[in-house]
Amino acid sequence: MNQILATLFLLWLADAASIHWPSFRGPEASGIAQGTLPLSWNADAAEGPVRNIRWKTPIPGLSHSSPVIWGDKLFVATAISSSGAAPLKIGLYGSGDPANDDAEQSWVVYCLDKRTGRIVWERLAHKGAPRSRRHTKATHSNTTVATDGKRIVAFFGSEGVYGYDLEGKLLWRKDLGTFDIGPRRDDLQWGNASSPVLFEDKLILQCDQKKGSFLAVFSAADGREIWRLGRDGVSNHSWATPAVVAGAGRAQIVCNGWPYIAGYDLDSGKELWRLKSGGDIPVPTPVYALGLIYVTNAHGGQAPLYAIRPEASGDISLEQGARSNAGVVWGEPRNGAYMQTPLVYGDLLYSCSDRGVLKVYNARSGEIYYTQRLGSGTTGCSSSPVAAGGRVYFASEEGEVYVIKAGQKYELLAVNHFGEITMATPAISENVLFYRTRAHVVAVAE
């Protein structure tokens with residue numbers, strides 16, 4: 001009887017995992033879902049007949065907020081400019097100038113019916129002129145909302161953090177001040193991009209900036225601050241979403257930052273370990289899989305990829321020329337990703353650069369199996385990959401989605417088209433892909 005109950009419980013967990021996609025990259029930021037996803041579709045009439053598109057709902061404004069799902073509800077955020085269509089510059093370029101997008105904005109959270117695309121409710125979180133500026137490839141609503149089935153949390157950086165119930169009732173709000181987020185140059189502001197994380201009724205926010213960086217944990221129920229830890233000197237800027245890692249007998253928050261990647265005790269905020277970073281524009285989220293923590297970043301001449309032991313302690317920075325130590329199982333100094341969060345699927349790690357160069361590794365040892373360019377190399381790739389049913393999905397900024405077969409050898413299965421800019425990472429629920437494009441949320445289903 002106990003074996004039967006255990007089996008039923010595991011089946012229930014698998015079914016729940018196939019329905020809910022509660023945060024950026026889904027459960028535990030893994031990017032992985034149960035079931036089988038569509039292989040081929042087309043949403044661009046210029047490429048041929050539209051097919052395998054269940055619904056397509058317009059969402060006003062400009063945002064890179066990815067969809068999240070709980071049950072039959074899909075949530076997404078946006079920022080709507082009072083001056084009309086907001087500017088967005090995609091592609092491969094080096095300019096870091098802020099966008100000309102300083103007009104009054106409306107920050108809005110939307111709830112859609114997952115099955116039909118119908119807008120169930122929308123809530124205005126804040127209206128006003130932006131307190132800080134943004135990058136030309138960014139938006140004033142970069143972050144993905146998070147839900148735990150009891151509430152939804154939206155974090156809009158300088159415009160505050162908001163807690164709602166699933167019916168859209170505002171539960172609480174907090175003003176965390178104005179953030180000055182940008183690279184080392186004092187005159188650049190690129191905006192916030194670190195998404196909120198919910199874990200066991202706690203809300204975790206990583207707020208790194210030029211001065212006054214901090215990591216904080218709040219009560220998800222009422223927004224009450226539980227603890228806050230200053231991070232000046234550990235990270236002076238970061239656009240990465242933190243990860244909660246429950247392994248090696250402890251729960252910790254892992255933050256991708258510059259000049260250090262670091263792990264903190266979830267309950268107290270005590271620093272557990274730190275690792276000298278390489279890339280000075282950290283964006284990807286740390287990923288926990290196969291008993292290891294994987295972190296990558298790039299820019300500034302370096303692009304390291306690390307596999308870190310969750311029980312690491314102290315300063316675990318690698319010596320010059322070293323690839324491992326007591327806290328780092330393996331490190332690859334020049335093979336990390338700039339924008340995309342890596343994917344660990346089976347025993348393989350998929351890491352794709354912003355130029356579409358995919359590298360596939362043995363996730364346990366760091367051995368590289370292959371390197372392959374996706375597409376022409378003339379378009380950017382910012383959306384992080386997801387996987388299900390033995391397939392891995394990569395989207396370009398121009399709305400092309402490359403589907404490859406999971407495995408040690410490269411095999412391209414399909415190239416699909418949205419005909420719209422695609423920056424956000426998709427959600428997966430019940431064998432359906434949900435993409436956020438420049439102007440729509442699109443449900444892809446056979």
Side-chain angles (χ1 to χ4, degrees), residues 16-35 37 55 57 59 61 63-79 107-123 125 139 141-156 161-169 171 192-205 220 240-244 285 287 341 343 383-388 393 395 422-437 440-444:
S18 73
I19 296 173
H20 307 312
W21 192 268
S23 56
F24 172 73
R25 277 273 295 244
E28 300 178 345
S30 69
I32 298 170
Q34 305 294 326
L37 298 175
W55 53 258
T57 299
I59 301 295
S63 175
H64 297 336
S65 169
S66 299
V68 306
I69 292 167
W70 194 270
D72 286 341
K73 290 184 169 69
L74 180 150
F75 304 98
V76 72
T78 191
W107 284 266
V108 181
V109 178
Y110 281 87
C111 173
L112 279 62
D113 185 313
K114 178 184 76 174
R115 302 196 182 279
T116 66
R118 177 180 62 89
I119 294 176
V120 178
W121 54 258
E122 59 184 275
R123 296 293 182 267
T139 77
S141 174
N142 295 314
T143 61
T144 297
V145 304
T147 182
D148 56 6
K150 293 180 280 189
R151 75 275 299 180
I152 310 138
V153 175
F155 179 38
F156 293 117
V161 55
Y162 302 81
Y164 299 89
D165 69 16
L166 269 62
E167 304 306 318
K169 178 184 176 182
L171 302 175
N192 176 64
S194 181
S195 296
V197 174
L198 290 170
F199 182 79
E200 294 183 349
D201 291 324
K202 295 182 175 69
L203 166 65
I204 299 145
L205 296 178
T241 298
V244 176
T285 296
V287 175
T341 295
L343 178 83
S383 171
S384 295
V386 296
Y393 295 73
T422 305
M423 301 288 290
T425 297
I428 303 172
S429 179
E430 296 185 285
N431 303 320
V432 181
L433 273 164
F434 297 88
Y435 274 90
R436 168 71 173 277
T437 62
H440 299 86
V441 175
V442 185
V444 180

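Note that these values count all heavy atoms, side chains included, but never hydrogens, waters or copies made by symmetry. Numbers here simply count residues along the sequence, with the first being 1.
The shortest side-chain heavy-atom distance between Trp121 and Val109 falls under the 4.5 Å cut-off. Looking at heavy atoms from C-beta onward, Leu166 lies in side-chain contact with Thr147 at the 4.5 angstrom threshold. For the pair Asp201/Lys150, a side-chain contact is recorded, criterion being any heavy-atom separation below 4.5 Å from C-beta on. At a threshold of 4.5 Å between non-hydrogen side-chain atoms, the residues Arg25 and Ser66 do not count as touching. The closest side-chain heavy-atom distance from Pro27 to Pro22 is below 4.5 Å.
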message = Using side-chain contact (heavy atoms from CB on, under 4.5 Å), reason through Trp55 and Val441 one step at a time and then give a plain yes or no.
response = CA-CA 8 Å; Trp55 53 258; Val441 175; 3.7 Å; yes
request  = Apply side-chain contact (heavy atoms from CB on, under 4.5 Å) to the pair Leu433 and Val386, showing each step before the final yes or no.
outcome  = CA-CA 10 Å; Leu433 273 164; Val386 296; 4.2 Å; yes
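A donor-acceptor pair is defined here as one N or O able to donate and one able to accept, closer than 3.5 Å; such a pair exists between the side chain of His20 and the backbone of Gly71. In terms of modelled atom types and a separation under 3.5 Å, the side chain of Arg436 and the main chain of Ile59 share no donor-acceptor contact. A distance-only check finds no donor-acceptor pair linking the side chain of Thr341 to the backbone of Ser384 [under 3.5 Å]. Without hydrogens or angle criteria, Ser429 side chain to Ile19 main chain gives a donor-acceptor distance under 3.5 Å.
Atom CD of Glu430 is surrounded by more than 12 heavy atoms from other residues, nucleotides or ligands within 6.0 Å.
Salt-bridge check for Asp113 with Lys73: failed, with every basic side-chain N at 4.0 Å or more from each acidic carboxylate O.
The side-chain hydrogen bond (donor to acceptor under 3.5 Å, both in side chains) test applied to Thr437 returns Glu420, not counting sequence neighbours. Under the side-chain hydrogen bond (donor to acceptor under 3.5 Å, both in side chains) criterion, Asn192 pairs with no residue at all, not counting sequence neighbours.
Side-chain contact of Ser141 with Ser63: a donor-acceptor pair under 3.5 Å is present, judged by distance alone.
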